[in-house]
Amino acid sequence: HVQLVESGGGSVQAGGSLRLSCAVSRHTASRACMGWFRQSPGKAREGIAAFRDGTAFYRDSVKGRFTVSLDAAANTFHLQMNSVKPEDTAMYYCALDFGPCTTGGAWWRSSASLYHFWGQGTQVTVS
């Protein structure tokens, strides 16, 4: 069983930065796709980024502003959020599933239904 523990949420002003972290209980980085999702009240959970083997995928709305990285020694994934906007306000979740993040082409694992393990979520509020 894999456990994910998130940290780093909070309140930030528009244009500012925030870094979210997701600690993974087992050393799975070499064989897992790590996803980042967010959900606003009344909206569906949307995939915003995924990462595996040094390759990252991003939703267009965050591309160029958000960056996913892995601290392999700490088995922790990070989501660096820069130039944040009020519309980035949401509950943010990390998720993990074994297997590739992509099977090729433009498709990447951005659907919540494709991930089995989830963090507890952390709130990000941009004002």
Side-chain angles (χ1 to χ4, degrees):
H1 183 70
V2 178
Q3 290 185 314
L4 309 177
V5 179
E6 297 183 51
S7 61
S11 297
V12 61
Q13 290 188 334
S17 298
L18 204 62
R19 189 175 83 157
L20 307 183
S21 298
C22 179
V24 185
S25 62
R26 290 167 48 186
H27 285 276
T28 59
S30 63
R31 53 194 178 96
C33 177
M34 171 61 71
W36 285 97
F37 290 78
R38 65 186 180 188
Q39 188 168 21
S40 302
K43 295 186 177 181
R45 190 170 297 189
E46 65 175 12
I48 57 172
F51 180 90
R52 176 174 170 164
D53 296 334
T55 300
F57 307 86
Y58 300 98
R59 177 177 288 270
D60 286 347
S61 59
V62 305
K63 198 173 294 183
R65 300 187 298 121
F66 292 9
T67 303
V68 181
S69 62
L70 167 66
D71 179 347
N75 215 39
T76 300
F77 291 86
H78 302 286
L79 179 68
Q80 179 67 41
M81 305 168 61
N82 296 330
S83 302
V84 295
K85 305 174 182 180
E87 51 264 43
D88 294 322
T89 295
M91 184 70 79
Y92 282 71
Y93 299 89
C94 61
L96 179 150
D97 206 82
F98 297 104
C101 283
T102 183
T103 56
W107 182 87
W108 57 278
R109 197 188 289 239
S110 61
S111 173
S113 64
L114 298 177
Y115 292 82
H116 285 89
F117 304 102
W118 289 85
Q120 80 281 10
T122 186
Q123 177 68 37
V124 172
T125 302
V126 183
S127 59

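- Both L18 and V62 are members of a single hydrophobic cluster when ILVMFWY side chains are connected at heavy-atom separations under 4.5 Å.
- Cluster annotation: Y58 is connected to V124 through the hydrophobic network of ILVMFWY side chains, with a link wherever side-chain heavy atoms come within less than 4.5 Å.
- Salt bridge status for D88 with K85: absent, with no side-chain N to carboxylate O gap under 4.0 Å.
- A single hydrophobic cluster is not seen to contain both Y93 and F117; linkage of ILVMFWY side chains at heavy-atom distances under 4.5 Å, directly or through other members, places them apart.
- S40 contributes no side-chain N or O that, together with a main-chain N or O of A90, makes up a donor-acceptor pair within less than 3.5 Å.
- Within the 3.5 Å criterion, the main-chain N or O of C94 finds a donor-acceptor partner in the side chain of E6.
- T102 places a side-chain N or O within 3.5 Å of a backbone atom of W107 that can act as its donor or acceptor partner.
- By the 4.5 Å heavy-atom criterion applied to side chains, C33 and D97 are not counted as neighbours.
- Counting all heavy atoms, side chain and backbone alike, L4 lies closest to C22 at CB-SG, 3.8 Å.
- A pairwise comparison of heavy atoms in V68 and A49 identifies CG2-CB, 3.4 Å as the closest pair.
- S17 approaches Q80 most closely through the heavy-atom pair CB-NE2, 3.9 Å.
- Going from atom CG of L70 over to atom CG of N75 covers 7.0 Å, rounded to the nearest 0.5 Å.
- Y115 carries R109 over the face of its six-membered ring, with the cationic atom under 6.0 Å from the centre and within 45° of the normal.
- The distance from atom CH2 of W36 to atom CZ of R59, rounded to the nearest 0.5 Å, is 16.0 Å.
- M34 and W118 are not part of a single hydrophobic cluster, where members link through side-chain heavy atoms under 4.5 Å apart.
- Residue I48 holds its CD1 atom at 6.5 Å from CE of M81, rounded to the nearest 0.5 Å.
- The CZ atom of R38 lies 12.0 Å from the CD atom of Q123; values are rounded to the nearest 0.5 Å.
- In plain terms, the two heavy atoms of S110 and F37 that are nearest each other are O-CE2, 3.3 Å.
- The two residues H78 and D71 come nearest to each other via the heavy atoms NE2-CB, 3.9 Å.
- Residues F51 and F98 are members of one and the same hydrophobic cluster, defined by side-chain heavy-atom contacts under 4.5 angstrom among Ile, Leu, Val, Met, Phe, Trp and Tyr.
- The nearest pair of heavy atoms linking S21 to T76 is CB-CG2, 4.1 Å.
- Atoms OG and CD, on S127 and Q13 in that order, are 6.0 Å from each other to the nearest 0.5 Å.
- For the atom pair W108 CH2 and C101 SG, the distance stands at 8.5 Å (nearest 0.5 Å).
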